[in-house]
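Here is how names work: the chains are called A, B, and so on, in the same order as the sequence lines, proteins then strands, and each is numbered from 1. For clarity, every value in this text was computed on a predicted model and none was experimentally measured.
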Amino acid sequence: DIQMTQSPSSLSASLGDRVTITCRASDYINDYLNWYQQRPGKAPHLLILAASTLQTGVPSRFSGSGSGTDFTLTISSLQPEDFATYYCQQSYTIPWTFGQGTKVEVK
Amino acid sequence: EVQLVESGGGLVQPGGSLRLSCAASGFTFSDNWMHWVRQAPGRGLVWVSRISRDGRTITYADSVKGRFTISRDNAKNTVYLEMNNLRADDTAVYFCARASLTVFGAIIFDLWGQGALVTVSS
């Protein structure tokens with residue numbers, strides 16, 4: 001199975017901060033990397049697909065980059081609704097696997 | 001409204017069984033593969049199983065293989081997860097998710113249900 005490792009596991013940030021989350025795959029996954037946001041008690045919500053394409057309706061302050069094994073999710077200016085947990089997920093090979101999550105908290 | 005609604009969760013004893021349902025509405029259900037993903041309390045997301053549009057291709061995570069059975073009824077717009085021989089480590093919120101194929105050739109989970117809590121405890 002391909003292991004997905006996110007860093008950091010959690011971070012504290014203030015409104016307006018630029019936030020960067022990294023995700024590393026244990027094997028090559030091309031750009032078959034998706035990012036999801038999950039608010040407490042809610043289902044995950046797709047943010048970015050294919051490493052860098054914004055899902056329809058997602059604010060442009062979110063961006064993704066990377067290919068191969070190393071990927072990044074960036075929030076350019078943190079908003080109140082962005083305090084949540086973020087997961088990367090590879091869809092290159094079965095079983096689909098997720099990172100352990102990065103919790104973005106209020107500083 | 002485009003949505004997935006799970007039902008059937010609850011408390012079950014170790015070794016017991018439970019069947020989850022996920023009812024789809026607002027889209028052509030038979031056009032999409034469907035998946036189950038679970039999340040243990042305070043933990044991350046773990047993929048569980050998938051089923052093809054016509055129900056003929058099925059895949060399971062190793063952790064549930066031989067114990068869980070995924071199925072679908074396209075006439076009822078519903079996907080099921082039959083869970084047998086449940087263990088304490090199966091305790092989780094179970095989400096059904098719609099899979100879509102992007103123009104880039106990647107598969108995404110672009111619609112999720114609200115989740116159904118399954119608690120395995122004596």
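Residues of residues 98-105 of chain B lying under 4.5 angstrom from chain A, judged on non-hydrogen atoms, are B:T102, B:F104, B:G105 by number. Heavy-atom neighbours of chain B within the stretch residues 63-91 of chain A, taken at a separation under 4.5 angstrom, comprise A:Y87, A:Q89, A:S91. The interface of residues 59-78 of chain B with chain A, defined by heavy-atom distances below 4.5 Å, comprises B:T59. Along residues 19-56 of chain B, the residues that come nearer than 4.5 angstrom to chain A, judged on non-hydrogen atoms, are B:H35, B:V37, B:Q39, B:R43, B:G44, B:L45, B:V46, B:W47, B:R50 in order of number.
Environment of CD in A:Q3: sparse, with no more than 12 heavy atoms of neighbouring residues, nucleotides or ligands closer than 6.0 Å.
Residues A:F62 and A:L33 fall within the same hydrophobic cluster, defined by Ile, Leu, Val, Met, Phe, Trp and Tyr side chains chained together at heavy-atom separations under 4.5 Å. Cluster membership check: A:I2 shares its hydrophobic cluster with A:Y32, using side-chain heavy-atom separations under 4.5 Å among Ile, Leu, Val, Met, Phe, Trp and Tyr. Put simply, A:V104 and A:Y36 are part of two different groups of oily side chains (I, L, V, M, F, W, Y) that touch within less than 4.5 Å, one to the next. B:L81 and B:L18 fall within the same hydrophobic cluster, where Ile, Leu, Val, Met, Phe, Trp and Tyr residues are linked whenever their side-chain heavy atoms come under 4.5 Å apart, directly or through other members. Both A:L11 and A:L15 belong to a common hydrophobic cluster when Ile, Leu, Val, Met, Phe, Trp and Tyr are linked at side-chain heavy-atom distances under 4.5 angstrom.
Chain A forms more heavy-atom pairs under 4.5 Å with one residue of B:A106, B:G113, B:A97 than with any other, namely B:A106.
Looking at A:Y92, neither its backbone nor its side chain comes within 4.5 Å of chain B, counting heavy atoms on both sides. Heavy atoms closer than 4.5 Å to chain B are found in the side chain of A:T53, but not in its backbone.
Atom CD1 in B:I108 sits 11.5 Å away from atom CG in A:L47 (nearest 0.5 Å).
Smallest separation of non-hydrogen atoms from B:F95 and A:Q38: CZ-NE2, 3.9 Å.
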